[in-house]
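Contents: one structure, followed by commentary.
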Amino acid sequence: MLDSFFCLAFPLQALIATLFTWSITALGACVVFLLKSPNRNVMDAMLGMAGGVMIAASFWSLLAPSIEMSETLGMNAWMMALAGFISGGILLFVGDRVFTHMSERGSLGQQSENHGLKRCAMLIFSITLHNIPEGMAIGVAFGSLAYGLEGSTPGGAWLLALGIGLQNLPEGMAVSVPLRREGFSRGKSFFYGQLSGVVEPIAAVLGALLVLKVRTCLPFLLAFAAGAMIYVVVEELIPESQTNENKDWMALFTLVGFSIMMVMDVALG
């Protein structure tokens, strides 16, 4: 059975591998079905935890691989990481300003609702943006097999997909739980949570088909996604979790989220 699988076209292998990573994202988003009611303290704690997950992912899943890949490709590692990171943050900053300006044109009674909508939109966008270069990385790993690039093996490609897939478990939660906190139904929270991972199969096939061209863009894209994620965490998630009167406990949950993602990233490579 394995022999027949490895005989498939490399883009098809990449697609199957990232369908697995997408399913793990959906599994993480399922946590909203386990929360019986949106208790404020529980939701704020999960929001703080989501912030910690995103901070850890921005370094170990995005910035560190960006720097390592830049060095492998003979690029200026710090300059590539800096350019991508700042660009990602600026994009979210501009989007934040545009959304705020559009919201101010609405009635005062809609401002609170608009702020919650903006936070949700930024969160979904940043996690989705983060999944694009990860999907491309898997696609490049499988596409490299066709070119016989140094260090490319079927086992290595599948281990990369497995590692990224398991890392997606807390990331699915990081999207669905804040949405549930904002009053979205369990079904909608789950839907948008798993939807953030649907870009991975698409990006993987693209990466496998354009492996040599995409490979040179990946360091920038990884750092770009990291900048966008950090902006959302600093601007929205952590400040919102700190509105809780038990802010010291919320800070501890941020550390818990960071620790979980750090361990998964480091342990799974």
Side-chain angles (χ1 to χ4, degrees), residues 18 21 25 28 47-73 75-96 119 121-141 160 163-175 178 193 196-197 199-200 203-204 206-207 214-239 254-255 257-269:
T18 45
T21 64
T25 303
L47 194 66
M49 187 181 291
V53 165
M54 291 175 67
I55 293 173
S58 68
F59 177 74
W60 275 284
S61 294
L62 298 171
L63 276 177
S66 170
I67 293 170
E68 182 180 354
M69 191 172 292
S70 295
E71 293 173 345
T72 301
L73 295 174
M75 301 175 177
N76 187 315
W78 71 264
M79 185 176 294
M80 184 63 66
L82 176 64
F85 187 81
I86 294 297
S87 298
I90 289 176
L91 175 66
L92 267 290
F93 172 79
V94 173
D96 190 3
R119 179 163 53 250
M122 290 174 65
L123 179 63
I124 295 170
F125 178 76
S126 65
I127 292 285
T128 302
L129 190 66
H130 153 269
N131 284 330
I132 291 174
E134 285 197 346
M136 285 186 170
I138 295 174
V140 167
L160 175 64
I164 289 178
L166 294 180
Q167 291 164 19
N168 285 353
L169 185 66
E171 290 170 9
M173 176 202 74
V175 176
S196 65
V199 295
E200 283 195 354
L206 180 64
V214 173
R215 194 165 177 244
T216 59
C217 300
L218 267 178
F220 178 85
L221 292 174
L222 288 165
F224 186 92
M229 288 184 70
I230 290 295
Y231 183 90
V232 173
V233 172
V234 175
E235 171 71 10
E236 297 290 344
L237 298 191
I238 290 181
T254 300
L255 294 180
F258 184 95
S259 299
I260 291 172
M261 196 67 197
M262 175 181 65
V263 169
M264 294 189 74
D265 273 332
V266 175
L268 297 171

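Closest approach of Leu63 and Ala226 over heavy atoms only: CG-CB, 3.8 Å. Residues Pro178 and Ala50 share a closest heavy-atom pair of CG-CB, 4.4 Å. Closest approach of Leu160 to Ala141, counting heavy atoms only: CD2-CB, 3.8 Å. Heavy-atom minimum distance, Val234 versus Pro239: O-CG, 3.1 Å. Closest non-hydrogen pair, Thr18 versus Ala204, comes out as CG2-CB, 3.4 Å. In terms of heavy atoms, Ser70 sits closest to Pro219 at OG-CB, 3.1 Å.
Residues Met80 and Asn76 fail the side-chain proximity criterion, which asks for heavy atoms closer than 4.5 Å. Side-chain contact between Leu129 and Val199 is absent, with no heavy-atom pair separated by less than 4.5 Å. Contact of the Leu206 side chain with the Met136 side chain is registered, since non-hydrogen atoms from C-beta on lie closer than 4.5 Å. Here the side chains of Leu62 and Phe85 are not in contact, with every heavy-atom distance at 4.5 Å or above. In this structure, the side chains of Ile164 and Glu200 come closer than 4.5 Å at one or more pairs of heavy atoms.
Atom CG of Leu169 and atom CD of Glu171 lie 9.5 Å apart (nearest 0.5 Å). Rounding to the nearest 0.5 Å places CD of Glu235 at 13.0 Å from CD1 of Ile230. A distance of 10.5 Å separates CD1 of Ile260 from CE of Met262, quoted to the nearest 0.5 Å. To the nearest 0.5 Å, atom CE of residue Met229 and atom CZ of residue Phe59 are 14.0 Å apart. Distance CG/Leu82 to CZ/Phe220: 10.5 Å, rounded to 0.5 Å. Atoms CD1 and CZ, on Ile132 and Phe224 in that order, are 9.5 Å from each other to the nearest 0.5 Å.
In this structure, Trp60 has its ring center closer than 6.0 angstrom to the ring center of Phe258.
When the options Leu218, Leu221, Leu222 are evaluated for a side-chain contact (heavy atoms from CB on, under 4.5 Å) with Ser66, the one that passes is Leu222.
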Could you walk me through whether Met54 and Met261 pass side-chain contact (heavy atoms from CB on, under 4.5 Å), step by step?
CA-CA 8 Å; Met54 291 175 67; Met261 196 67 197; over 6 Å; no
Please test Leu73 against Arg215 for side-chain contact (heavy atoms from CB on, under 4.5 Å), starting from the C-alpha separation and ending with a verdict.
CA-CA 9 Å; Leu73 295 174; Arg215 194 165 177 244; 3.7 Å; yes
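Side-chain atoms of Asn131 come within 3.5 Å of backbone atoms of Ser196 as a donor-acceptor pair (strictly under, hydrogens ignored).
Judged as a side-chain contact (heavy atoms from CB on, under 4.5 Å), and not counting sequence neighbours, the contacts of Leu92 are Met122, Phe125, Ala228, Tyr231, Val232. Judged as a side chain to side chain donor-acceptor pair (under 3.5 Å), and not counting sequence neighbours, the contacts of Ser61 are Gln167, Asp265.
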